[in-house]
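This is a predicted model, so every value here is computed, not measured. Heads up: numbering here begins at 1 and tracks the sequence.
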Amino acid sequence: MVTLANKQSEKIVYERPQSLTDALTHYCPGCTHGTAHRLVAEVLDELDIRERSILVASVGCSVFSYRYFNVDACEAAHGRAAAMATGIKRVNPDNIVFTYQGDGDLASIGIAETIHAAARGEKLTVIFLNNAIYGMTGGQMAPTSLIGQKTRSSPFGRNVQQAGYPMRMAEILSGLEGTAYCVRRSLHDARHINQAKKAIKLAFQAQIMELGFSMVELLSTCPTNWHMSPIEACAWVRDNMIPYYPLGDFKVAHRLENAAKRRS
């Protein structure tokens, strides 16, 4: 029997962040987009920036992310999220502007917009989901697909002589002067998910401190197009993606690093 005293002593350990709507997402079972959404939403709540945040949604599996985040949002043309976010931030410098993009959107059609936004040091935060494949359009090879990875458009595996090498976006962007914070994390298990949240918070703090461009690359799963179970997909990230896409901090501005040390 549950008494009033018992109810009063109960402690809430899990609830929906205010920065997420109650809409049902369209993501496939086992996809870690939902995990990434929750981490971003928790950070927006904890930093108390929800009311002044603006999301720029990309084209791809996350195309409907503007329905899922409880913030002002808009939809960019394919690959143009960084360009649209630049305009929004320059017109509204007091707002927190972030993009949420997949590898096809950011690293393929949108690579010019991404690189130049970082080179200019635009005060944006980019959440980049890397699942090594084109998800929404049926599982074709992406710029991030691994060497030998079989996809719908590379049925015999990615061939370096034909398609080149997979692109390590965190390493590329970290070499630009305008980048203040650039790291790679993974969403394949609980420990790494906790690490990813800390990185996302620092990325937003870099924008709050007006340090420049910030990006968190998140290794994500795509069980449907990888033709795996969710558990197998998490193991594939660990065993195949991380060796090629090592986790770590590729660039952290000194002011941000010092601020993080003071808080810890």
Side-chain angles (χ1 to χ4, degrees), residues 13-17 19-20 25 27-47 60-62 65 68-69 98-104 106-107 125-133 135 142-146 149 166-174 179 181-206 214-226 228-252 256-257 260-261 263-264:
V13 295
Y14 187 87
E15 61 182 344
R16 183 184 297 277
S19 294
L20 283 183
T25 67
Y27 299 122
C28 300
C31 169
T32 43
H33 267 297
T35 302
H37 281 15
R38 181 176 179 88
L39 297 183
V40 173
E42 288 179 347
V43 167
L44 296 179
D45 287 358
E46 291 171 12
L47 293 176
C61 287
S62 59
S65 57
Y68 307 145
F69 287 101
F98 69 102
T99 72
Y100 187 100
Q101 301 173 258
D103 44 7
L106 181 145
T125 300
V126 174
I127 308 300
F128 168 42
L129 274 285
N130 175 2
N131 60 13
I133 205 165
T144 53
S145 296
L146 297 178
Q149 183 177 348
M167 299 186 70
R168 297 185 175 103
M169 291 306 301
E171 288 87 334
I172 292 171
L173 296 176
S174 66
T179 300
Y181 183 71
C182 192
V183 304
R184 182 182 294 120
R185 299 290 188 266
S186 180
L187 301 174
H188 73 279
D189 63 24
R191 179 172 67 89
H192 287 89
I193 289 170
N194 288 335
Q195 294 173 355
K197 180 179 176 180
K198 293 177 182 178
I200 292 169
K201 180 173 283 189
L202 281 175
F204 278 102
Q205 288 171 330
S214 60
M215 187 191 80
V216 178
E217 178 178 343
L218 299 172
L219 302 185
S220 184
T221 62
C222 186
T224 296
N225 289 304
W226 292 353
M228 300 177 186
S229 71
I231 294 176
E232 290 171 337
C234 287
W236 198 83
V237 170
R238 180 195 65 211
D239 298 337
N240 295 278
M241 291 189 72
I242 291 178
Y244 189 87
Y245 295 110
L247 308 182
D249 299 351
F250 296 95
K251 189 171 186 180
V252 182
L256 185 64
E257 188 174 34
K261 288 179 179 177
R263 283 190 295 273
S264 62

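Here the side chains of C234 and H192 are not in contact, with every heavy-atom distance at 4.5 Å or above. The side-chain heavy atoms of R38 and P17, taken from C-beta on, include a pair separated by under 4.5 Å. Considering only heavy atoms from C-beta on, V216 stays 4.5 Å or farther from L202 through its side chain. In this structure the side chain of I127 never reaches within 4.5 angstrom of the side chain of L39, judged on heavy atoms.
Sorted by first and then second residue, the side-chain hydrogen bond (donor to acceptor under 3.5 Å, both in side chains) pairs involving residues 237-252 (not counting sequence neighbours) are R185-D249.
No more than 12 heavy atoms of other residues, nucleotides or ligands lie within 6.0 Å of CD1 in I231, so this atom counts as exposed by the packing criterion.
Applying the side-chain hydrogen bond (donor to acceptor under 3.5 Å, both in side chains) test to Q149 and every residue at least two apart in sequence or in another chain returns nothing. A search for side chain to side chain contact (heavy atoms under 4.5 Å, CB included) contacts involving E46 returns E42, K197, K201, not counting sequence neighbours. Not counting sequence neighbours, N194 has no partner by the side chain to side chain contact (heavy atoms under 4.5 Å, CB included) test. Applying the side-chain hydrogen bond (donor to acceptor under 3.5 Å, both in side chains) criterion to T144, with sequence neighbours excluded, gives D103, N130. Applying the side chain to side chain contact (heavy atoms under 4.5 Å, CB included) test to C222 and every residue at least two apart in sequence or in another chain returns N131, I133, N225, W226. Take S186 and apply the side-chain hydrogen bond (donor to acceptor under 3.5 Å, both in side chains) test, not counting sequence neighbours, and it matches H188. Residues satisfying the ring pair (Phe, Tyr, Trp, His ring centres under 6.0 Å) criterion with Y100, sequence neighbours excluded, are H33, H37. Checked against side chain to side chain contact (heavy atoms under 4.5 Å, CB included), I172 has the following partners two or more places apart in sequence or in another chain: I115, M167, M169. Partners of Y68 under the side-chain hydrogen bond (donor to acceptor under 3.5 Å, both in side chains) rule, at least two apart in sequence or in another chain, are H26.
Between E217 atom CD and Q101 atom CD the span is 12.0 Å, to the nearest 0.5 Å.
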